[in-house]
Amino acid sequence: MPKKRKRAVKEKPGHRPGEAVHVLIPNARLKQRIKQMAREIRRDLPDDPLHLIGVLKGSVFFLSDLAQQLGGEVSFDFIAVSSYGKGTDSTGEVKLIKDLDVSIEGRTVLIVEDILDTGLTLKYLLLLFEERHPKHLRIAVLLDKIERRIADLKADYVGFVIPNEFVVGYGLDYDERYRNLPDVSVLRLGPRGKTKIE
Ligand code: IMP
């Protein structure tokens, strides 16, 4: 009997064993929707200089694509908060890690966030920014997991409503990985997510 040769496990670069990603929203669809969102925002605020506040780090690609589509005067700043530990579950506690560089008093501010999940992060940011007296304060989120909401909060502009799945890519991470994937993908962990042996 000829000896059976062991087949090599094929893994996609950057994917760990036991983790698999499945595309949910391809990059082209993200870009198309972001273009529409920019039009909606400019329809509501046609003449105001817009001060975008990106919530680090997940919003970086969204902010970059949105800013390029918004006509008129646009500036940006960034804030960092932590609400998630290393895994896929929120701790429920929001902490300020990095504050804004410049004042938002009297400015038209658009908070740019990757995903609205429990809503606790954005609720915290709304309270923080309202105390600083901006002229207008609006929220744009790329993704909205409505089912998971704890805080009573709605974004003014929503890219996509998505199911209750943990997603990565286009800025979103799992344990700081997968942010660089161009599409938004569902991350599967455990045996179901195991890389297939081909
Ligand atoms: P919230 O405070 O529960 O609304 O969570 C907001 C933050 O949690 C987001 O800015 C993300 O950093 C993170 N988050 C929530 N859901 C996901 C997900 O599916 N993938 C990656 N990060 C997520």
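All ligand and atom numbering here is 1-based and tracks the order in the structure.
- The proximity of Lys145 to ligand 1, defined as any non-hydrogen pair under 4.0 Å, is limited to the side chain.
- Just one residue in the list Arg148, Lys145, Arg188 forms a salt bridge (Lys or Arg N to Asp or Glu O under 4.0 Å) with Glu165, and that residue is Arg188.
- The heavy atom nearest to atom 11 (C) of ligand 1, considering only Val141, Ile115, Val94, is found in Ile115.
- Side-chain contact of Arg39 with Gln36: a donor-acceptor pair under 3.5 Å is absent, judged by distance alone.
- Residues Tyr124 and Leu137 share a hydrophobic cluster, clusters being chains of Ile/Leu/Val/Met/Phe/Trp/Tyr side chains in contact below 4.5 Å.
- Judged by distance alone, the side chain of Arg149 and the main-chain N or O of Asp117 form a donor-acceptor pair under 3.5 Å.
- Under the 30°/60° scheme for interplanar angles, the aromatic rings of Tyr170 and Phe61 are found to be tilted.
- Listed by number with element, the atoms of ligand 1 under 4.0 angstrom from any heavy atom of Thr121 are 1 (P), 2 (O), 5 (O), 6 (C).
- The ligand atoms of ligand 1 that sit less than 4.0 angstrom from a heavy atom of Glu165 are 19 (O).
- Gly119 counts as a contact of ligand 1, since one of its heavy atoms falls under 4.0 Å from the ligand.
- Here is the list of ligand 1 atoms found below 4.0 Å of a heavy atom in Asp114: 9 (C), 10 (O), 11 (C), 12 (O).
- For ligand 1, none of its N or O atoms has an N or O atom of Asp173 under 3.5 Å away.
- Remark: side-chain polar atoms of Asp77 are paired, donor with acceptor, to backbone N or O of Val102 under 3.5 angstrom.
- Listed by number with element, the atoms of ligand 1 under 4.0 Å from a non-hydrogen atom of Asp117 are 1 (P), 3 (O), 4 (O), 5 (O), 15 (C), 16 (N).
- Ligand 1 has at least one atom lying under 4.0 Å from a heavy atom of Leu120.
- No N or O atom of Leu172 sits closer than 3.5 Å to an N or O atom of ligand 1.
- Neither Val141 nor Phe76 shares a network with the other; the hydrophobic side chains, linked directly or stepwise wherever heavy atoms of I, L, V, M, F, W or Y lie under 4.5 Å apart, form separate groups for each.
- Transitive grouping of hydrophobic side chains (ILVMFWY, heavy atoms separated by less than 4.5 Å) brings Ile104 and Leu96 into a common cluster.
- Checking only distances, Val167 does come within under 3.5 Å of ligand 1, N or O to N or O.
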